Protein chains: 2
Amino acid sequence: MTSRKTVQNTHIEAPFRVLHSALVDVTVFMNRPQADEAMLREAGISLDRALFPLLLGIERFGPIGVVDLADRAGRDHTTVSRQVAKLESLGLVERQADARDRRVRNAVISPKGKAMTDQVDAARMRMAHALFEGWDPADIEQLSRLMRRFADGIATMTKDD
Amino acid sequence: MTSRKTVQNTHIEAPFRVLHSALVDVTVFMNRPQADEAMLREAGISLDRALFPLLLGIERFGPIGVVDLADRAGRDHTTVSRQVAKLESLGLVERQADARDRRVRNAVISPKGKAMTDQVDAARMRMAHALFEGWDPADIEQLSRLMRRFADGIATMTKDD
DNA sequence: CTATTTATGTGCATAATGCACACAATGAGG
DNA sequence: CCTCATTGTGTGCATTATGCACATAAATAG
């Protein structure tokens, strides 16, 4: 049933497919702005669709320059430049000169911006608690460990292209 | 170092945080249209940024109606309606009447569209092979299994809201 | 020192997005 | 059967986001 095609790696293809489809499902979920927006509205906050992922990116990867951020977001650097400026004008991020490269104006999250992303994190954490109810703690630990390793692998691959 | 705050669930919070940050990293990667676009260009195909995720969604979840698809994509249904029409005019998806609800015009992927998504899948599979080099097959199997379970949990939660 | 690359940003045309609205089909309640 | 609210789909229109061409400043290569 599972052994088809070239026999060499078939035994490893099946888990790949399972993993891939699971990742697609999770990615779709993580992308849902409705969830985030609903949470933020609940907290009395509102932010444009396009701005929010960038705020999360700055929180996670900052201090980060416009070009790097644009690369991560998959958008043109000019678009990101404008959006970061907007986030700055909203007081959600701050910009600071890079110590080693004076061209770079790194974006870092402001206390006000951090308060927003913290709320999103907290809401996700609450969901996680509900989601993992009934799981064996060892499985949770395994999943976390392997996902981290997987993400690190991706980061390594991405770096050397 | 890791034990702070309320002691009650601290032992389970740490894996959550690790998992969350790993998921964010992976999500960022999966969202990169550059990767997909590069692959498609390599194959002589070109498709608009906004259209491609929808094509992947239709391939994965189709036959699916505009409203459902819009909900998954996190965009307004009117936007998705136009984009699906565009995909249809490009011959990448087909539309068919729903057997039970004559209002619904389900979108399904066409052979031509499938050929495109297959190429993306194949490219991702190649990357996976490189990524998992040196992994213990048992770990790969574990990761796949647990991620699938995790994704199913999310799907269940999402369904009942 | 000159040439090239890199990081950031602006002007402008184009595409995407969402709201208001419309219409057809469904389903609930009388 | 007949309203009437709900749901799935789609169009007109104003707004916003996006990316290309281009510009500037700083770093880097030669």
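Since the structure is predicted, the reported quantities are computational estimates derived from the model, not experimental observations. Letters A, B, ... mirror the listed sequences (proteins, then strands); counts begin at 1.
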- Query: Would A:D101 and A:V104 satisfy side chain to side chain contact (heavy atoms under 4.5 Å, CB included), going step by step from the backbone distance to the final call?
  - Reply: CA-CA 6 Å; A:D101 188 335; A:V104 179; 3.8 Å; yes
- Message: Please evaluate residues A:L143 and A:W135 with respect to the criterion side chain to side chain contact (heavy atoms under 4.5 Å, CB included), reporting the C-alpha separation (whole Å), side-chain torsions for both, the decisive distance (0.1 Å), and the verdict.
- Response: CA-CA 11 Å; A:L143 177 58; A:W135 278 53; 4.1 Å; yes
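In this structure the side chain of B:L92 never reaches within 4.5 angstrom of the side chain of B:I109, judged on heavy atoms. You'll find the side chain of A:L131 stays beyond 4.5 Å of the side chain of A:M127, heavy atoms only. A heavy-atom distance below 4.5 Å is not found between the side chains of B:H77 and B:D71. Counting only heavy atoms from C-beta outward, the side chains of A:M116 and A:L55 approach each other to under 4.5 Å. Counting heavy atoms from C-beta outward, A:H20 and A:V24 have side chains that approach closer than 4.5 Å. Counting only heavy atoms from C-beta outward, the side chains of B:D136 and B:Q142 never approach each other to under 4.5 Å. Within the 4.5 Å cutoff, side-chain heavy atoms of A:L87 are placed close to those of A:I58. Looking at A:F150 and B:M147, their side chains never come closer than 4.5 Å, going by heavy atoms from C-beta outward.
When heavy atoms are screened at a 4.0 angstrom cut-off, B:V66 is found touching the sugar-phosphate backbone but no base atom. Residue B:V104 is in sugar-phosphate contact alone, with no base atom involved, counting any heavy-atom pair closer than 4.0 Å across all strands shown.
By the 30° and 60° cut-offs, the orientation of the rings of B:H129 relative to A:F16 is perpendicular.
Here A:N106 pairs with A:D98 under the side-chain hydrogen bond (donor to acceptor under 3.5 Å, both in side chains) rule; sequence neighbours left out. Among residues two or more places apart in sequence or in another chain, the side-chain hydrogen bond (donor to acceptor under 3.5 Å, both in side chains) test is passed with A:R148 by A:D152, B:S21, B:D25.
When each of A:A50 and B:I64 is assigned the nucleotide of DNA chain D with its nearest heavy atom, B:I64 is the one assigned upstream, toward the 5' end.
In this entry the distance linking CG of B:D68 with P of D:dG10 reads 13 Å, nearest Å. Rounded to whole angstrom, the span from the CG atom of B:N106 across to the P atom of D:dT9 amounts to 7 Å.
Taking 4.0 Å as the cutoff to heavy atoms of chain A, we find the contact window on DNA chain C bounded by C:dT6 to C:dG18.
Between its two ends, the helix from C:dC1-D:dG30 to C:dG30-D:dC1 turns its axis by 40°, counting five pairs per end and rounding to 10 degrees.
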- Task: At under 4.0 Å between heavy atoms, which parts of nucleotides 21-30 of chain D does protein reach? Answer with one letter per nucleotide, 5' to 3': B base, S sugar-phosphate only, - none.
- Result: B---BBS---
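The shortest distance between the side-chain N/O atoms of A:R75 and the OP1/OP2 oxygens of D:dT18 is below 4.0 Å.
Sorted by residue number, the members of residues 80-94 of chain B with any non-hydrogen atom under 4.0 Å from DNA chain D read B:S81, B:R82.
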